[in-house]
Structures are given as C-alpha cells and as structure tokens.
Protein chains: 4
Amino acid sequence: MARGVNKVILIGNLGQDPDTRYTPNGNAVVNLNLATDESYKDRQTGQLVPKTEWHRVVMFGKIAEVAGQYLRKGSKVYIEGKLQTRKWQNKEGQDVYTTEVVVDINGQMQMLDSRGEGGGANQGAPAGRPQQAGNAAPATASQSGQQSGGGSNQPSQGSMPEPVDDFDDDIPF
Amino acid sequence: MARGVNKVILIGNLGQDPDTRYTPNGNAVVNLNLATDESYKDRQTGQLVPKTEWHRVVMFGKIAEVAGQYLRKGSKVYIEGKLQTRKWQNKEGQDVYTTEVVVDINGQMQMLDSRGEGGGANQGAPAGRPQQAGNAAPATASQSGQQSGGGSNQPSQGSMPEPVDDFDDDIPF
Amino acid sequence: MARGVNKVILIGNLGQDPDTRYTPNGNAVVNLNLATDESYKDRQTGQLVPKTEWHRVVMFGKIAEVAGQYLRKGSKVYIEGKLQTRKWQNKEGQDVYTTEVVVDINGQMQMLDSRGEGGGANQGAPAGRPQQAGNAAPATASQSGQQSGGGSNQPSQGSMPEPVDDFDDDIPF
Amino acid sequence: MARGVNKVILIGNLGQDPDTRYTPNGNAVVNLNLATDESYKDRQTGQLVPKTEWHRVVMFGKIAEVAGQYLRKGSKVYIEGKLQTRKWQNKEGQDVYTTEVVVDINGQMQMLDSRGEGGGANQGAPAGRPQQAGNAAPATASQSGQQSGGGSNQPSQGSMPEPVDDFDDDIPF
DNA sequence: TTTT
DNA sequence: TTTT
C-alpha cells in the first residue's frame, strides 16, 4: 500500500553487464547502470547536443533473476520502478546519498532486444533474447502476485548488499 | 528529442514552502522537496511500517512560476518529470552527486489541493487553489509549446542556481 | 507476465457514484465514469476552450471494494490501469466495441480528496476520506501480492457483469 | 493546459503498415493498430493463456511524419499519448464510439527496432531504423515546442480524416 | 492484424 | 521536512 505515487519509467541501454548478488535468503539482487539519451539545442550554437543520463537501477526477486540471466552490456530494456534514496557512509565517515530506481515486486521489466544481439555481450554469455530451446527467456518480467519469500521488495538494511565494499572509491555512482 | 525514455511520476506533499529563484534571464527556477509515503509489512513483526521517500524536484519555466506562487508546505501535488543526476564539489573538494526530478518544458504539474487549504501556508501566502476572483490559479501547468526564452529546459551549468551556497553544510539533499 | 506495455494513468473526477457489483465468487467489480479535463486554444478565436474526456473504468478485487466504499460522484482520484476493448452485441445484434481502463491486481488507485468532502455524495454515504474512527479508508489501494480468489483480474465473459442490461439503450458508454 | 491527467503508455507491435493521411493544411495524420500481449493463468486448466490487446493509435504532427515514414507492419514501438473517445454515425445512423490513443504535440514515440529489420516491411519500404546514410531515422520523436501550423493537436471535427469512409463496413475498430 |  |  502507498499513500502517494512514486513511479519511474525508463527505456535505455546497459552500460555494463548486470551485477548479480544474492541475499542470505537466496534472493537475487541485480544492479544495473542504464543510459537514457537525449539531445537538446545549444542556445549559443544552435547545435543539437547529445546528453546521456545514467541511472542506477536495483532489481529484486524474479525480475532480478531474469535480468541477471539475459541482460548484458548494451542491452536495451524498459523498466518501471520507484525512486529511492539511500544514505551511507564513505571511507571518511561522511554521509553520502545515492538515488536508485528500485524495481521490486511492483515493478516491471521488458527486454527490447527482440531481434539479434544485445550488443557487447561478454564471452558467450547470452545476450538479448536467445532463441534456442531450453533457454527461453521471457521478454517481460513482472512480479505481481509472486510470493517472494524473503520479502525482497522491502529489504531491511541488513539484508541489502553492502554498497561501500562494491566500489574502488568513495563514489558509488 | 530523445533516444530513450526517462520519466518520473510522483504524487506527494511538499516538506516546505518551495524555494523560488531566477536565472539571469529572469526565468523562474523552483526547488521542492516532495514526500511520497509507502508502507510495507515488516518480516519479523508482521507490522505495517510507514516509510517516507523524499524527492528533490527542480522546476523550470512557467510551471516553476505557478508552483512558486501557489504551492506551499504541505501542498499535495502531481508532477511528471525526468531523472537527472548533477555532479558538484562539496567544501572538501569532493565530488558529490545529487539526483533530482527535473520538471521542464516537457514535464507536467497538477495541484491536488482543490478543496480547502493547502496546509501550513505562511503569512497570508495563497495555498492550495484559492477560489476568489483575481487570484485564480491553474490546477495544472504544462509547458508544451511554450517558447521559454532562456532555453530553461536545458540549462547550462552557468545559468543554474549554485547548489553549494544554498545549504548550511555539505549535504544538499 | 506481459510481452509489451499497456499502461493508463488518469487523474480525474467521478461523474456519478461508482456502480458496485459482485461476481458469483463474491469478488467486487466496480464501474466508474471518470472525467479528465483539458483546454485547448481554438484556432479561429484564439479562445481557450475547455474539453472534458470521459473514461470508462472497471476495477476488480480489493481496489474495487475500496473504490465502491469511499468514492462518490465528484471524487477526485488517481488510477493506474490498462486498456482493454470488449466486444459485445447490442439489441440489434450488432457488434459493439467498448474500451475500458481496467484496474486489476496490477493497477493502482489513490483517492485525492484528502481535505474535505468528495462533492455530491448521496444521503450520508461516505465521501472522500472520512476521518472518523472505525471507518478509516486507505487513500491508496494496490493489489500486488493479493491472492484474488476468483482470478478476477482475467474474468471470463461469463463472470463479467452483463453490459447490455445495465443501460437504457444500446450505447453503453 | 489540463486539469487532470490523461496518459497512456504502450509498447507493442504494429498489425499493419501505418495509414498516413494529410489534413487540408498539409499536416500528417497517421493511424496505427498496435498489439500489446499479455498472458494470464486460466483458472480451470492452470494453463498460461496468451491474450492480445489491440489499440487504435492516432498520431499528429511531426511524430506522425516519422511514424509514417519508418514504422511498418510488425515494428515494435513505444508510444505515449492520451485517451480520446470519438462519437460518429454508422451507416444506419447509429451513434458509435471509438476510443483511440492520441499522440499529439504532448506525446512521444520511440522506435524499438534498433537492431535489424522491422519485420514484414512491404516492397522495399524502409522498416525499423535503417542504418544507411541519407535515410537516418530518429529513433524517438517528441513534438514539444513544435509550432504545428494547423493546430493539429486539437483537430476540429472538420479537419479530421473522415472515419466512416475508410472502412468496408460499419465497424471501424 | 503484430510479436516471441 | 510533508501528508493521513
């Protein structure tokens, strides 16, 4: 239930292969960087200037499993989720805020690489939506009705992947 | 034009009165903090736990003018915008990233306090949508077709309000 | 699961009290007429002309129960659903198509009459969101995770309310 | 401007090549049939049953031109528009209502066949987004800020393509 | 009438 | 920091 609406809809491409982890309960958690492109007219030159916006996306549950298995660097994807800002401490002990698009049991994902390669897939890893039998990937994943054992759509601080250790420096985004 | 989709839809309440500024060209820029509420069931206790998400919203152009004039602390509002992450330096010279919901010429706003007071309005400032003549506020503002002089929908770094000076400490969010 | 995206988002007011029925399984089905207003500039006169669009909304499950109980004629509401076109026969045996916004287990509803009356409520029926204890209505209803007994989100022709009988003439919309 | 929100977001495939026409002012008007797929679990059999929903889409202005030029039968596309129900008379003089998704100056379109053929393109007509120079199609089209000469986003009855003549029988949808 |  |  929610008093208010908090909805994000993105269509973009993955900057890297998705990062898949698992909670202690065995629930998949996938982190993505998604690029959405836009171009605007420069006031001075009148030129059309391309501008890429990067989005940090976190997926839980069944959608995370599908995303981790079938999305690859360059994959085009539709996602629907909600905005969430997380507070954490960097090495200097300072508060840092990271805003993410959370795709949980109420979210949606749809792979949009229906025809051909996902682009830039690593060493034989499946990209886009492979056609071979026994590996049929759903183009869309929604989690409504799912009984996600660990309540992954509202993870407590403790069950979330620790963000600080995942990066080389203080800036996680 | 855009290659990709980057859309945010929020319904929430303002945490404070909006902060209105003007670019050198005289275009209004309004900053809001918007709360969206959600509640989730705690795994341990089974209790319904309320959870508030705060969103930093930046409005440009005509929508900004309407928002600055009619929205107040507590006002309920629908907004449609896009995600944008800004990079800036804090006092220690460290990179800091702030994600905002940008409501520009392509965005939309709708005031939802149609019946009665907006709540918490300061010293005589109009709140909600007052019915008296001569002060008729549009409940909705969209900017499509607007010829926003300063190109406010793609502000260069230079024309944006300097974020660092606006706060008492390093954390702008 | 879905291959494709089919999403409708509306904020509008009810033209009449909601029409609540029940399936043989006891699941609530609510029909609403929702008005969204828009104004456009007339080419000839340059005048701003108001234009109201009416939407036929059908709600299932828990959302339907909440809607039937708390929404009234004039109530302002946010809904999220999907488009669905139904084919039926009128008295002359001709095929007629009716497009509806279906709010089922994947949809969302949020009442937006938080302050004051919902407007036009009939004889003591609760309108908007009444404050009195024992009658606390959720402002928002989402159905994710709900185990809707009768599978009300994909009703077979047989379990749906018969559309023809509900109206005085052939035109159900 | 709008008092209310009326938004439709679809990702689907075209059932046929788009139907392009022009208003007396020379503005393009494109009609599409868009399929969105969904599957639901049958109550009796427990089987996953596929279900296709067909949407009638009408595009105006620049988006219509791009759509008419680059979309083809089978093309996958993202569109954002608004719901509109039109009333007209069939041959028997009866009122008929047709609900369409209108993509005008406030709408958006994004072609999603970025990699490879659009599928089913007719005799050499460009499908999907062809890569060859001199034929570069924008993957996305938005019309905000556009000064559409004929006010195509709010067409009067008179300037719209006459629906009755376009079909073999009384049912246009 | 599409798509996988 | 909001709202119910």
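Remember, predicted model here, so these are calculated numbers, not experimental data.
Side-chain contact of T98(D) with W88(D): a donor-acceptor pair under 3.5 Å is present, judged by distance alone.
The side-chain contact (heavy atoms from CB on, under 4.5 Å) test with L14(D) is passed by exactly one of V77(D), N33(D), V57(D): V77(D).
Residues passing the salt bridge (charged side-chain N to carboxylate O under 4.0 Å, His left out) test with E80(C), sequence neighbours excluded: K7(A), K7(C). A search for side-chain contact (heavy atoms from CB on, under 4.5 Å) contacts involving E65(C) returns A28(C), not counting sequence neighbours.
Residue K73(D) places its side chain closer to dT2(E) than to any other of dT4(F), dT2(F), dT2(E). Listed nucleotides: dT4(E), dT4(F), dT2(E). Nearest to the side chain of R3(C): dT4(E). Looking at the side chain of D37(B), the nearest of the listed nucleotides dT1(F), dT2(E), dT3(F) is dT3(F).
Rounded to whole Å, the distance from CG on L48(B) to C1' on dT4(F) is 13 Å. As a whole-Å value, the separation of Y78(B) OH from dT2(F) C1' is 20 Å. Going from atom CH2 of W54(B) over to atom C1' of dT1(F) covers 4 Å, rounded to whole Å. Here the P atom of nucleotide dT4(F) and the NZ atom of K51(B) are 21 Å apart, to the nearest Å. If you measure from atom CG of D17(B) to atom P of dT2(F), you get 12 Å, rounded to the nearest angstrom. Distance NZ (K76(B)) to P (dT1(F)): 20 Å, rounded to an integer number of Å. One interatomic measurement links the two molecules: CD1 of I79(D) to C1' of dT3(E), which rounds to 16 Å at whole-angstrom precision. Atom CG of L34(B) is separated from atom C1' of dT1(F) by 11 Å (rounded to the nearest Å).
Using a 4.0 Å heavy-atom cutoff across all strands shown, T52(B) reaches at least one base atom of the nucleic acid.
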